[in-house]
A.B. asks: 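One structure, as structure tokens, below. Some questions next.
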Amino acid sequence: MDLSGDRSSKLSKRSIEWLARPGFSRFMYSAVAVLLALLIGAILIGASGYSVKEAYYNLFMGAFGGVYSLATTVVMSTPLLFTGLAVAFAFQCGLFNVGAEGQLYVGALASAVVPLALGGLPPVLRVTMGLLAGAGAGAAFGFVPGYLKAKLGAHEVITTIMLNYVATFLTTFLVKTYFRDPGPVDQTVLLPLGSRLPELISGTRVSLGVIIGVLAVALLNQVIRRSVLGYEIQAVGKNPHAAEYGGVNVSARTIQAMMISGAVAGLAGSAEAMGTLYRFIPYFSPGYGFTGIAVAVIAGESLWAVIPAALLFGALQSGGQSMQLFAGIPMELMTMVQGLVILFVAAPALASMLIKRKSSSEEGGGRA
Amino acid sequence: MSGFADIVLNVNNLAATIRMATPIALAAMGGAFSERSGVVNIGIEGMMLTGAFCGVLGSYFTGSPWLGVLWAVAGGGLVGALLAVFAIRLKADHVVTGVGINILASGATTWLMQVIWKRKGASDLVSGLGTWSVPGLRDIPVLGTILGTHSPLVYISFMLIVLGWVLMFKTPLGLRMRMTGEHPEAADTVGINVHATQYFCVILSGCLAGLGGAYLSLAQLNWFSKDMSAGRGYMALAACIFGGWNPIGGLGASFLFSFTDAIQMRMQTAQIPLAVEIIQMIPYVLTILILAGAVVRSRPPAALGKHYESGHGKK
Amino acid sequence: MENITKRFGNVVANDAVDFDASPGEIHCLLGENGAGKSTLMRILFGLCRADSGFIYVNGEPATISCPRDAIALGIGMVHQHFMLAERLTVAENIIAGSEPRRHGLLDYERARQKIAEVSQRYGLAVNPDAMVEEISVGQQQRVEILKALMRGARVLILDEPTAVLTPPEVDELFSVMRALRASGTTIIFITHKLKETMEISDRVTVLRDGRTVGVEKTSDATSDGLVEMMVGRSLPIHDDHRAPAQDIISLELKDVSVAGRKGSRARLSSVNLAVRRGEILGIAGVDGNGQLELEEVATGLRRPSQGKLIINGQDVTGFDTKRIRDKGVAYIPSDRLKRGMVSPFSLARNSVLGMQHSAHFSTRGVLQEDVVREHAESIVDLYDVRAESIDQPIGSLSGGNQQKLVVGRELTRPHSVVIAAQPTRGLDVGATHYIREQILASRNRGKAVLLISAELDEILELSDRIAVIYEGQIIDVRRAGQYTERELGLLMTGQRNGV
């Protein structure tokens with residue numbers, strides 16, 4: 001790990017490049033990795049004495065079996081759309097943002113509190129300000145590791161993880177001390193209707209958040225592909241020495257990329273606080289920030305791929321809930337599956353072995 | 001209400017510092033071995049957590065906490081082997097793999113805990129290691145209070161850290177490790193098996209982190225609880241860097257961490273008028289500060305995080 | 001070695017090469033860059049495997065699949081890039097892999113003794129307790145030789161050993177080589193320098209394009225004959241139509257210093273240089289004497305600790321790279337892979353590196369894809385870049401073609417100053433010739449060119465004036481014709497007297 005003062009030597013470039021590789025074979029490989037992880041999950045379920053069939057039946061039905069299940073999948077995917085995008089965007093700059101979880105918490109609290117203070121404004125403005133507050137809080141939490149990386153060379157993985165703890169403690173403290181709802185539970189006051197993200201389908205919690213998420217993907221995709229900023233961020237990610245040679249302010253781009261990433265993760269919190277929970281509750285996230293890593297690892301270079309990847313993990317999440325409910329199998333199985341997916345997708349040698357084997361068997365064993 | 005001096009300069013604090021430094025120092029030594037051989041080990045956290053879990057599991061099934069310790073070492077080593085296969089054989093990015101391993105370990109231990117004990121937050125109680133009281137040492141005033149009575153793992157760990165230092169700097173194997181992490185090609189050209197050395201170091205690293213985990217679940221507590229390593233693996237990595245990739249340096253850095261942790265615990269019990277969450281933040285903020293301060297002057301092994309492939313391995 | 005063939009992809013590095021060397025002989029392996037010398041020796045040392053062919057050691061067929069096998073057979077190799085861990089001590093580097101032990105621990109005492117013994121026998125003095133990063137390059141080379149000898153090497157391969165040495169160090173190396181020869185060691189000396197070949201070797205094998213083109217006793221060989229074997233063709237002479245140098249200074253360094261790391265000497269001290277329009281100022285010197293710092297200061301990548309940088313009359317000291325380059329500085333960096341390009345980026349994206357923010361290529365922060373592509377196409381055409389498409393990653397091109405794109409990009413941007421650092425390093429003869437022509441053409445169009453090169457031939461061939469850099473100081477500046485090669489060589493080692 002480059003924890004040295006020599007900020008220039010960004011290691012793991014090659015592997016991040018692999019993670020960021022576009023193309024069909026990359027997509028196929030990700031699919032294989034997910035199936036492989038689910039297969040191992042099945043073995044574990046079986047070995048623990050549960051019925052694999054019952055477990056995966058409930059998993060599937062919970063994710064896709066009916067309108068309510070599908071809506072739940074979309075609801076679960078919404079924060080992942082943001083956190084996945086946040087992590088994927090940081091990858092573009094060669095940065096590994098493991099702090100999306102913490103950025104999500106501060107974003108959620110900001111969005112749950114700011115609209116309350118703006119009671120006099122029309123709803124559109126209140127909601128907009130709420131979103132901006134969430135993004136801003138996330139960006140502030142992204143600034144710290146970005147700055148420490150750019151100016152001092154402190155590795156962002158360690159600093160962002162430590163900031164996750166800081167963020168959860170800090171938000172809990174703030175809720176208890178300043179923003180507590182006078183009820184029996186530590187949480188903020190319920191947001192009034194005009195301060196919430198509107199529901200898209202009434203009766204479900206599918207909110208405008210999912211649309212905002214898709215728009216955020218589209219916007220950042222344009223930034224990366226078309227803008228000078230995106231060009232420079234990618235250049236820093238792929239070769240900081242050459243970027244410096246090309247007149248790029250490497251520290252500035254590093255900090256900016258981390259702040260954008262943090263802002264997007266903060267919006268994940270906003271979407272939860274304003275679109276699903278309608279308030280801030282300490283420790284509400286079941287690890288959306290960490291699942292976002294799995295989403296980003298699967299998505300790779302193409303930011304568009306964050307959308308299907310988020311849907312996939314949203315489905316695993318909502319399916320996992322019904323698996324827990326109806327088959328009695330703990331949800332944490334899905335956490336394991338995420339970990340396995342990250343491992344499998346991160347290993348280029350494993351990928352090329354599988355892809356080669358596959359293609360050579362398809363071509364009847366013939367090799368160029 | 002206790003005064004400031006009472007909270008900070010307290011003999012019991014020093015004893016608590018030693019207690020809390022032990023798991024971090026063990027894991028920091030693990031990190032040092034792995035990184036000296038060129039493999040970044042973010043997975044220390046997961047290895048520690050796995051060790052904590054396996055320790056309780058071993059004690060639960062065998063009834064012997066000492067066998068539990070062995071299970072913990074084996075469990076940590078196994079996760080180390082997993083990282084080694086991915087980082088060395090499959091050339092996966094070390095950092096991404098480490099983070100994947102941590103997520104996997106968090107899910108796996110919590111899942112198995114629920115499957116085995118049918119409980120959500122924590123495992124059943126198991127028999128722990130208890131404490132040793134060193135005759136002679138315990139009777140010396142002040143020093144006796146600080147060093148005299150601890151978990152046996154504390155004394156074992158201190159010996160292991162000295163042994164680890166000898167292994168790293170005074171033995172042929174240690175020289176080969178350092179050569180591998182500094183310049184794998186040079187190591188290769190003098191006939192050192194680069195990958196075997198790295199496998200050894202990463203698995204050893206897992207064993208040490210696992211032992212640190214056992215300390216958490218069999219010495220500090222007598223049960224396993226969800227995500228009980230609580231970031232100590234990352235603190236250990238920061239301690240490893242701050243300690244210059246040296247087991248004894250890592251121990252020193254761990255004291256620094258755990259001293260503030262001890263004060264933090266004491267502040268909580270002393271009912272200082274400061275919110276508990278603010279106090280709890282201290283070790284994490286401190287880790288960031290130490291890391292930011294340490295990296296400026298530290299230089300990691302030259303080939304850290306790089307993949308090595310010998311030309312003669314392939315056609 | 002018999003009938004050795006080795007391919008890398010479509011490139012044949014060794015094509016049925018035969019090679020032999022006898023005990024007590026210094027055998028020179030001569031050839032241009034890319035002729036296949038290093039590959040052949042890497043095969044002998046077990047660092048890569050031949051696709052076909054046989055190796056015999058002392059008449060016995062040998063299978064060498066890793067360096068360990070080679071060491072066991074008494075073969076040692078000193079690599080061009082040293083195989084030394086910088087932050088271990090000299091002794092640790094020498095003993096690693098075959099450590100003397102006592103009670104299972106390292107026996108440093110015995111290690112020191114053995115090192116002292118061997119180093120005395122061949123006149124290879126080293127301090128076993130020094131960190132490798134603290135000793136000079138010449139000393140590091142001795143450590144490498146000791147490493148091989150301590151492992152019982154009877155065949156010693158030296159890969160371009162003189163490239164990093166000063167002339168007196170070369171003399172020392174040669175006397176060590178003679179001492180080794182006298183003790184019956186076979187030395188295989190890889191080089192592309194004729195003079196050294198003639199001076200030291202007993203026999204010479206010449207490689208060209210991966211084939212053996214001749215084996216001769218050095219006493220029977222002539223320099224001209226060897227050149228013809230090495231190059232195989234003659235290159236056209238550079239076109240030298242030029243505008244006369246003007247008296248307008250475009251690039252000036254005034255009293256520039258760069259401090260070293262704590263405790264070590266300054267990397268640059270009080271450097272004064274001025275480059276005029278229409279001239280090439282060559283910086284001659286042995287690698288590592290401050291050239292990198294000079295290059296970086298002149299382009300804003302590094303801030304001088306003292307002194308001024310003036311471009312076209314404007315003081316630009318302390319400006320960042322972007323602002324300095326926008327003042328009209330084209331820059332061919334010495335480390336192409338590290339600095340000059342972003343390997344995974346396409347040719348198109350690389351063709352605007354450093355100009356991404358210019359009004360020509362972007363408007364309001366958005367890159368103009370069409371303009372960028374057009375620009376890339378024109379560089380590919382004008383500068384003879386051989387590529388399948390401008391959308392392929394530049395990392396997939398050969399070094400020569402990568403460098404042509406870099407040179408093309410820099411020379412097509414609006415500029416008045418060219419900083420060319422090691423512009424032909426590691427390139428084959430054709431690409432080298434082409435790039436040198438481009439630099440001359442640029443001068444002939446009235447640009448001010450600062451040429452930094454460790455290749456003395458290149459400096460002599462291109463420069464109008466030559467400055468010599470030694471230990472961070474410019475110790476002499478003259479018109480090109482006023483130096484003999486010998487004088488320059490002496491100056492490069494810091495010997496001002498007798499010149």
Side-chain angles (χ1 to χ4, degrees), chain A residues 1-6 11-12 14-16 18-19 44 48-50 96 98 144-145 148 152-155 157-159 161-166 168-170 172-173 176-177 287 290 293-294 297 329-350 353, chain B residues 35 40-42 45-46 82 86 89-116 120 226 230-231 234-235 237-238 241 275-278 280-281 283-285 287-288 291-300 304-307:
Chain A
M1 183 177 4
D2 171 26
L3 298 148
S4 67
D6 177 15
L11 51 95
S12 70
R14 198 161 38 131
S15 311
I16 292 206
W18 147 248
L19 288 176
L44 289 171
S48 313
Y50 297 103
F96 195 3
V98 195
V144 177
L148 292 174
L152 298 171
H155 200 282
V157 167
I158 295 184
T159 53
I161 286 177
M162 294 295 108
L163 283 170
N164 284 341
Y165 290 97
V166 172
T168 45
F169 289 132
L170 183 69
T172 306
F173 163 75
K176 279 189 187 170
T177 321
F290 297 109
I293 297 168
V297 164
I329 294 165
M331 268 292 284
E332 275 74 16
L333 187 75
M334 289 303 124
T335 313
M336 291 170 67
V337 168
Q338 282 163 26
L340 288 169
V341 167
I342 293 173
L343 287 184
F344 293 149
V345 179
L350 187 68
M353 267 184 326
Chain B
E35 302 214 333
V40 183
N41 196 345
I42 292 275
E45 174 82 4
L82 184 68
F86 272 86
R89 171 77 183 78
L90 298 175
K91 300 192 170 20
D93 180 86
H94 298 180
V95 178
V96 176
T97 308
V99 170
I101 278 181
N102 293 343
I103 292 176
L104 178 63
S106 164
T109 52
T110 318
W111 193 69
L112 286 171
M113 179 182 81
Q114 295 183 40
V115 168
I116 293 167
K120 251 200 127 47
K226 185 175 159 50
Y234 298 105
M235 293 181 189
L237 262 185
I241 294 155
V276 55
E277 285 84 11
I278 297 290
Q280 281 174 324
M281 263 188 240
Y284 301 101
V285 173
T287 305
I288 295 172
L291 190 66
V295 286
V296 177
R297 52 171 192 82
S298 71
R299 287 164 73 197
L304 186 56
K306 300 195 172 110
H307 296 119

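A note on names: the letters A, B, ... follow the listed sequences, proteins ahead of strands, and every chain is numbered from 1. When reading the values below, keep in mind they use all heavy atoms of this one structure, side chains included, and skip hydrogens, waters and symmetry mates.
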A.B. asks: With a 4.5 angstrom heavy-atom cut-off, is it the side chain or the backbone of I116(B) that approaches chain A, or both, or neither?
C.D. replies: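 When you check distances to chain A, no heavy atom of I116(B) falls under 4.5 Å.
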A.B. asks: Select one option (side chain, backbone, both, neither) describing which atoms of V98(A) are under 4.5 Å from chain B's heavy atoms.
C.D. replies: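 Contact with chain B involves the side chain of V98(A) alone.
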A.B. asks: Taking it one step at a time, do L343(A) and L82(B) satisfy side chain to side chain contact (heavy atoms under 4.5 Å, CB included)?
C.D. replies: CA-CA 10 Å; L343(A) 287 184; L82(B) 184 68; 4.0 Å; yes
A.B. asks: Which region of I161(A), side chain (C-beta onward) or backbone (N, CA, C, O), has a non-hydrogen atom less than 4.5 Å from a non-hydrogen atom of chain B, or is it both or neither?
C.D. replies: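 Just its side chain gets close to chain B.
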A.B. asks: Specify the closest pair of heavy atoms between V96(B) and V297(A), including all atoms of both residues, with the distance to one decimal.
C.D. replies: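 Heavy atoms of V96(B) and V297(A) come nearest at CG1-CG2, 4.3 Å.
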A.B. asks: Among V285(B), V276(B), V99(B), T109(B), which residue forms the greatest number of heavy-atom pairs with chain A at distances under 4.5 Å?
C.D. replies: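 Most heavy-atom pairs within the cutoff with chain A belong to V99(B).
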A.B. asks: Would you mind checking which part of T97(B) comes under 4.5 Å of any heavy atom in chain A, side chain (CB onward), backbone (N, CA, C, O), both or neither?
C.D. replies: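 When you check distances to chain A, atoms from both the backbone and side chain of T97(B) fall under 4.5 Å.
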A.B. asks: Output, in order, the C-alpha distance, side-chain angles, deciding distance and verdict of side chain to side chain contact (heavy atoms under 4.5 Å, CB included) for L44(A) and W111(B).
C.D. replies: CA-CA 10 Å; L44(A) 289 171; W111(B) 193 69; 4.0 Å; yes
A.B. asks: Show the nearest heavy-atom pair for residues P330(A) and Q114(B), with the distance to one decimal.
C.D. replies: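 So the two residues come closest at CB-OE1, 3.3 Å.
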A.B. asks: Between S106(B) and F290(A), is the side chain to side chain contact (heavy atoms under 4.5 Å, CB included) condition met? List the steps.
C.D. replies: CA-CA 11 Å; S106(B) 164; F290(A) 297 109; over 6 Å; no
A.B. asks: Show the nearest heavy-atom pair for residues F169(A) and E277(B), with the distance to one decimal.
C.D. replies: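 Nearest heavy atoms, F169(A) then E277(B): O-CB, 3.4 Å.
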A.B. asks: What distance separates Q338(A) CD from L104(B) CG, expressed to the nearest 0.5 Å?
C.D. replies: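 Nearest 0.5 Å value for the CD-CG distance: 10.5 Å.
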A.B. asks: Compare every heavy atom of A292(B) with every heavy atom of L148(A), then report the nearest pair and how far apart it is.
C.D. replies: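 So the minimum-distance heavy-atom pair works out to CD2-CB, 3.8 Å.
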A.B. asks: Of the backbone (N, CA, C, O) and the side chain (C-beta and beyond), which part of L333(A) lies under 4.5 Å from a heavy atom of chain B, both, or neither?
C.D. replies: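 Both parts, backbone and side chain.
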A.B. asks: For residues L90(B) and A347(A), report the shortest heavy-atom separation together with the two atoms involved.
C.D. replies: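 Taking L90(B) first and A347(A) second, the nearest heavy atoms are CB-CB, 3.8 Å.
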A.B. asks: Restricting to non-hydrogen atoms, name the atom on M281(B) and the atom on V166(A) that form the minimum distance, rounded to 0.1 Å.
C.D. replies: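 That closest heavy-atom pairing would be SD-CG1, 3.7 Å.
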A.B. asks: Verify side chain to side chain contact (heavy atoms under 4.5 Å, CB included) between Y50(A) and V115(B), making sure each step is shown before the conclusion.
C.D. replies: CA-CA 10 Å; Y50(A) 297 103; V115(B) 168; 4.0 Å; yes
A.B. asks: Just say parallel, tilted or perpendicular for the rings of Y284(B) and Y165(A), cut-offs at 30° and 60°.
C.D. replies: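 Rings of Y284(B) and Y165(A): parallel, under 30°.
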A.B. asks: Please tell me if the side chains of H155(A) and L237(B) come closer than 4.5 Å, counting only heavy atoms from C-beta onward.
C.D. replies: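 No - every pair of side-chain heavy atoms lies 4.5 Å or more apart.
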A.B. asks: Starting at OG1 of T159(A), measure out to CG of L291(B) and round the result to the nearest 0.5 Å.
C.D. replies: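 Nearest 0.5 Å value for the OG1-CG distance: 7.0 Å.
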A.B. asks: Got a second to check how far I278(B)'s CD1 is from T177(A)'s OG1, nearest 0.5 Å?
C.D. replies: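 That separation rounds to 7.5 Å.
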A.B. asks: Does the side chain of E332(A) reach to within under 4.5 Å of the side chain of K226(B), using non-hydrogen atoms?
C.D. replies: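 Heavy-atom side-chain distance check passes, below 4.5 Å.
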